[in-house]
S.K.: 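The following block contains the structure, expressed as structure tokens.
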Amino acid sequence: MDEVRVRFAPSPTGYLHIGGARTALFNWLFARHHGGVFILRIEDTDRSRSTEEYINAIVDGMRWLGLDWDEGPYRQTERMEIYQSYLQRLIDEGKAYYCYCTPEELEQRRQEAIKVGKTPKYDGRCRELNNPPAGRTPAVRFRMPEAGQTIVDDLIHGKVAYPNEMFDDFIIMRSDGTPTYNFVVVVDDVDMRITHVIRGDDHLNNTPKQIHIYNALGFQIPKFAHLPMILGSDKTRLSKRHGATSVQAYREMGYLPEALLNYLARLGWSYGDQEIFTKEELIEKFSLEGVSKAAAVFNPDKLLWLNGQHLKNTPTEKLCELVKPFLQKEGLIESDQQVDHQWLRKAVESQKERAKTLVELAKVMRYYFVEEIEYEEDAKKKFLNEKTLPYLVDLLEELKRLEQFTEQTLQEVFSSIINKYGIKLKQLAQPVRVAVTGGTKSPGIFEVLEIVGRDRIIKRIQKAIDTIRESS
RNA sequence: GGUCCCAUCGUCUAGUGGCCCAGGACACCGGCCUCUCACGUCGGAAACAGGGGUUCGAGUCCCCUUGGGACCGCCA
């Protein structure tokens with residue numbers, strides 16, 4: 001195979017969303033797998049809806065996901081002369097023509113057609129126009145064949161045949177002089193020597209039109225691969241109604257890029273029974289053969305699980321850095337604060353298997369950072385009471401005498417109290433857990449105590465004792 | 001309405017004519033592990049949309065029906 005060249009071509013009319021990211025990912029994986037070139041191209045010919053802000057958001061999203069591009073970002077608005085020259089060629093050769101109908105007229109005819117149950121279709125009235133009406137700036141239409149059929153040979157769907165009667169002469173240049181999608185996409189893909197057009201299958205029905213443009217311009221047709229759509233839980237096209245859909249939103253919710261990538265890859269693609277992939281494995285194992293034809297429903301639960309898996313597999317060292325912004329958001333550290341690195345490592349290590357997102361991770365670390373903890377009402381009632389009071393009193397005494405607070409020495413202290421009262425570890429551990437963390441859930445109690453540290457442990461147990469005495 | 005695409009557990013999927021009374025994963029339920037919670041682990045419930053063919057044999061091939069989706073724009 002010659003060098004593979006693929007592109008991701010979003011239109012900047014919104015943030016980078018899940019569907020776009022998946023298309024980008026498949027293109028990127030295909031390029032990386034084949035040692036090819038991945039191009040980012042911004043399709044901003046719709047000036048009224050494209051914004052600079054969205055372009056930045058898309059670029060940021062791609063960077064965060066780690067989908068690096070080799071060329072671009074190209075912008076179509078910067079390539080107008082190129083389109084213009086091809087357009088002129090089509091007009092000169094009679095393959096395109098000026099249309100003087102106004103959008104209002106067209107809309108009106110469309111509505112009428114729909115009303116009588118006919119296919120809304122341009123009637124071709126300007127096709128052979130000799131005396132154009134004065135005072136109107138025309139659009140340009142592409143002349144489509146009226147009979148026969150057009151075959152799209154798709155890598156995922158196979159050969160798809162379209163009867164040509166269903167097509168009308170579509171507009172390739174607006175009356176304001178800007179070219180439209182179906183024309184521009186062809187010119188760009190040819191100009192950028194794209195070998196494989198990999199995109200959502202909502203574009204499948206546009207492909208025959210594009211094929212005729214390729215032919216009219218005498219270009220070679222690239223390979224097409226139309227990816228299945230991503231649906232919401234109600235099986236309709238994924239949209240805001242289904243919850244978070246922008247890549248940025250997942251970033252803020254504490255998802256890891258590699259988890260999102262892994263999830264997106266498995267949506268519409270599979271490799272036997274494997275669920276968890278590193279980025280490198282994805283590149284190694286990806287192929288269009290493994291892509292399915294059927295649309296897939298986006299399942300946030302599975303993404304969450306996968307994120308937990310990736311979180312667990314992330315080196316603690318790296319997790320420490322990743323969680324810092326989230327600790328800041330929780331108000332647990334200041335942006336310029338120096339946190340003892342060894343200590344943070346232990347803290348993160350103790351919680352990493354318990355959190356499914358960075359947000360969760362930061363939240364469960366609260367009692368490691370704050371001075372004063374608050375009790376959960378149920379936990380307090382159940383574990384801080386007359387019955388547990390003597391254990392806590394004894395523990396406090398012993399801890400005050402203890403110099404070195406390590407898991408080892410703490411364990412010894414706990415043992416002596418358990419023996420003295422003839423109780424199980426849980427009967428002591430739970431009250432202590434509530435006293436130190438405020439709740440009933442945490443990593444191993446000795447681990448937690450070591451991380452919280454001597455001074456705060458003593459303070460918190462004292463407070464628990466006071467609390468019990470006050471309420472009795 | 002026209003055209004096109006698609007169809008295995010609730011969801012993501014394995015399955016490319018016999019290895020499938022259908023396998024894995026998420027979620028769900030139960031057991032184990034255990035100082036709690038997670039992690040882990042073991043087990044359970046759960047699907048070939050329906051109907052016709054083809055074939056010795058069909059989840060797998062063909063047709064129809066049904067259901068879902070996409071496109072039909074001076075949006076991309």
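Throughout, protein chains are lettered first and strands after them, A, B, ... in sequence-line order, and every chain is numbered starting at 1. Being a predicted model, the structure only gives us computed values, none of them experimental. Quick note: numbers below take in every heavy atom, side chains included, and nothing from hydrogens, waters or symmetry partners.
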S.K.: Can you tell me, in whole Å, how much space there is between the P of B:G24 and that of B:U41?
M.R.: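 My reading of the P atoms in B:G24 and B:U41 gives 14 Å.
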S.K.: Write down the distance separating the C1' atoms in B:U54 and B:G31, rounded off to the nearest Å.
M.R.: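 Their C1' atoms lie roughly 49 Å apart.
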S.K.: Measure CD/A:Q430 against C1'/B:A38 and give the value in whole Å, please.
M.R.: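 In whole Å, B:A38 C1' lies 13 Å from A:Q430 CD.
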S.K.: Return a single string for nucleotides 70-76 of chain B, one symbol per nucleotide in 5' to 3' order, where B is base contact, S is sugar-phosphate-only contact and - is none, cutoff 4.0 angstrom on heavy atoms.
M.R.: BBSSBBB
S.K.: Go along nucleotides 39-45 of chain B 5' to 3' and tag each nucleotide: B for a protein heavy atom under 4.0 Å from its base, S when only backbone or sugar atoms are that close, - otherwise.
M.R.: SS-----
S.K.: Only pairs with both distances under 3.5 Å count, Watson-Crick or wobble alike; so what is the partner of B:G43 in this structure?
M.R.: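 B:G43 is paired with B:C29.
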S.K.: Say we look at B:A76 and B:C19: how far apart would their C1' atoms be, to the nearest angstrom?
M.R.: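 Taking atom C1' in both B:A76 and B:C19, they lie 48 Å apart.
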S.K.: Is A:R22 positioned over the aromatic face of A:F26, cation under 6.0 angstrom from the ring centre and no more than 45 degrees off axis?
M.R.: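 Ring-cation test returns yes.
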S.K.: I'd like to check A:D394 versus A:K420 (side-chain heavy atoms, cut-off strictly below 4.5 Å). Are they in contact?
M.R.: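 Touching, per the 4.5 Å side-chain cut-off.
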S.K.: Is the NZ or CZ atom of A:K463 positioned over A:Y375's six-membered ring, under 6.0 angstrom from the centre and within 45° of the axis?
M.R.: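 Yes, cation above the ring, under 6.0 Å and within 45°.
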S.K.: Which nucleotide, in any strand shown, forms a Watson-Crick or G-U wobble pair with B:C72, with both distances under 3.5 Å?
M.R.: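 Its partner is B:G1 (Watson-Crick or G-U wobble, both distances under 3.5 Å).
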S.K.: Just name whichever nucleotide pairs with B:G67, Watson-Crick or G-U, keeping both distances under 3.5 Å, else none.
M.R.: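 The answer is B:C6, by the H-bond criterion.
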S.K.: Can A:R41 and A:E43 be counted as an ion pair, charged N to O under 4.0 angstrom?
M.R.: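 The answer is yes: the pair qualifies as a salt bridge.
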S.K.: Salt bridge (charged side-chain N to carboxylate O under 4.0 Å, His left out) for A:D123 and A:R125? Distances and angles first, verdict last.
M.R.: CA-CA 6 Å; A:D123 58 10; A:R125 67 175 62 193; 2.9 Å; yes
S.K.: Under a 3.5 Å cut-off for both distances, is B:C35 Watson-Crick or wobble paired, and to whom?
M.R.: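 Pair assignment: B:C35 / none.
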S.K.: Rounded to the nearest Å, what distance is computed from the NZ atom of residue A:K159 to the C1' atom of nucleotide B:C4?
M.R.: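 It works out to 17 Å between those atoms.
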S.K.: Got a salt bridge between A:E146 and A:R127, using NZ or NE/NH1/NH2 to carboxylate O under 4.0 Å?
M.R.: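 Answer for the salt bridge query: yes.
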S.K.: Enumerate all atom pairs, one protein N or O and one N or O from nucleotides 60-65 of chain B, separated by less than 3.5 Å.
M.R.:
none

S.K.: Run the salt-bridge test on A:E360 and A:K356 with the 4.0 Å N-O cut-off and return the result as yes or no.
M.R.: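 Answer for the salt bridge query: no.
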S.K.: Sticking with atom P, work out how far B:C33 lies from B:C37, rounded to a whole angstrom.
M.R.: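 Approximately 13 Å lies between the P atom of B:C33 and that of B:C37.
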S.K.: So, does A:D169 use its side chain to make a donor-acceptor pair with the main chain of A:M144 at under 3.5 Å?
M.R.: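 Such a contact is found between A:D169 side chain and A:M144 backbone.
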S.K.: Where do A:P257 and A:L65 come nearest, in terms of heavy atoms and distance?
M.R.: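 Closest heavy-atom pair between A:P257 and A:L65: CB-CA, 4.0 Å.
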S.K.: Under the side-chain hydrogen bond (donor to acceptor under 3.5 Å, both in side chains) test, which residues partner A:S292, sequence neighbours left out?
M.R.: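 For A:S292 there are no side-chain hydrogen bond (donor to acceptor under 3.5 Å, both in side chains) partners, ignoring immediate neighbours.
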S.K.: For A:K424 and B:C35, give me the distance from atom NZ to atom C1', rounded to whole Å.
M.R.: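 Whole-Å distance recorded here is 12 Å.
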S.K.: Please tell me whether A:F38 and A:F8 form a close aromatic pair, meaning their ring centres lie under 6.0 Å apart.
M.R.: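 So the answer is no for these two rings.
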S.K.: How long is the line joining CG of A:L410 and C1' of B:C35, in whole Å?
M.R.: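 Taking CG of A:L410 and C1' of B:C35, I get 14 Å after rounding.
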S.K.: Roughly how many Å apart are B:U3 and B:G17, using the C1' atom of each and rounding to a whole number?
M.R.: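 Here B:G17 and B:U3 have their C1' atoms 33 Å from each other.
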S.K.: Using atom P of each nucleotide, how far apart are B:G50 and B:U11 to the nearest Å?
M.R.: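 Rounded to whole Å, the distance is 15 Å.
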S.K.: Is the distance between the ring centroids of A:H203 and A:Y181 less than 6.0 Å?
M.R.: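 Centroid separation for A:H203 and A:Y181: below 6.0 Å.
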S.K.: Check whether NZ of the Lys or CZ of the Arg A:R141 lies under 6.0 Å from the centre of the six-membered ring of A:Y122 and within 45 degrees of that ring's axis.
M.R.: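 Verdict for A:Y122: a cation-pi partner in A:R141.
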S.K.: Using both distances under 3.5 Å as the test, list the Watson-Crick or G-U wobble partner of B:U16, or none.
M.R.: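 Because no pair has both required distances under 3.5 Å, B:U16 counts as unpaired.
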S.K.: To the nearest Å, how far apart are A:I276 CD1 and B:G24 P?
M.R.: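 Value for this atom pair: 16 Å.
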S.K.: Judged by each residue's nearest nucleotide on RNA chain B, which is more toward the 5′ side, A:A355 or A:K426?
M.R.: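 Nearer the 5' end of the strand: A:K426.
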S.K.: Which whole number of Å gives the distance between the C1' atom of B:G15 and that of B:C75?
M.R.: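 One C1' to the other, the span is 40 Å.
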S.K.: Within 45 degrees of the ring normal and closer than 6.0 Å to the centroid, is that where the cationic atom of A:K302 sits relative to A:Y263?
M.R.: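 The answer is no; the distance or angle limit is not met.
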S.K.: Centres of the A:Y54 and A:Y15 rings: under 6.0 Å?
M.R.: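 They qualify: ring centres under 6.0 Å apart.
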S.K.: Below 4.0 angstrom, which residues in residues 431-447 of chain A have at least one non-hydrogen atom near RNA chain B?
M.R.: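 Here the set is A:R433, A:T440, A:K441, A:S442, A:P443, A:G444, A:I445.
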S.K.: Starting from C1' on B:U36, measure out to CG on A:L428 and report it in whole angstrom.
M.R.: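 It is 13 Å, rounded to the nearest whole Å.
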S.K.: Test side chain to side chain donor-acceptor pair (under 3.5 Å) on A:S350 and A:Y368 and set out the steps.
M.R.: CA-CA 11 Å; A:S350 76; A:Y368 289 159; 2.7 Å; yes
S.K.: Can you confirm whether more than 12 heavy atoms, excluding those of A:E289, are under 6.0 Å from its CD atom?
M.R.: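 Atom CD in A:E289 is not packed in, count stays at 12 or less.
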S.K.: Work out how far the C1' atom of B:G30 is from that of B:C48, and round it to whole angstrom.
M.R.: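 That atom pair is separated by 28 Å.
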S.K.: In whole angstrom, give the distance that lies between atom NE2 of A:H157 and atom C1' of B:C5.
M.R.: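 Taking NE2 of A:H157 and C1' of B:C5, I get 6 Å after rounding.
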S.K.: Could you list, one pair per line, each protein nitrogen or oxygen that sits under 3.5 Å from a nitrogen or oxygen of nucleotides 10-18 of chain B, together with the distance?
M.R.:
residue : atom : partner : partner atom : Å
B:U11   : OP1  : A:K235  : NZ           : 3.4
B:C12   : OP1  : A:V297  : N            : 3.0
B:C12   : O2'  : A:R266  : O            : 3.0
B:C12   : O2   : A:K302  : NZ           : 3.3
B:U13   : OP1  : A:G268  : N            : 2.6
B:U13   : O3'  : A:S270  : OG           : 3.1
B:A14   : OP1  : A:S270  : OG           : 2.8

S.K.: Taking the six-membered ring where the residue is Trp, are the ring centres of A:Y271 and A:F286 under 6.0 Å apart?
M.R.: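 No, the ring centres sit 6.0 Å or more apart.
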S.K.: Quickly work out the A:N262 CG to B:A25 P distance and round it to whole Å.
M.R.: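 It works out to 15 Å between those atoms.
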S.K.: With both distances under 3.5 angstrom, what nucleotide forms a Watson-Crick or G-U wobble pair with B:C61?
M.R.: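 Here B:C61 is engaged in a pair, and the nucleotide opposite it is B:G53.
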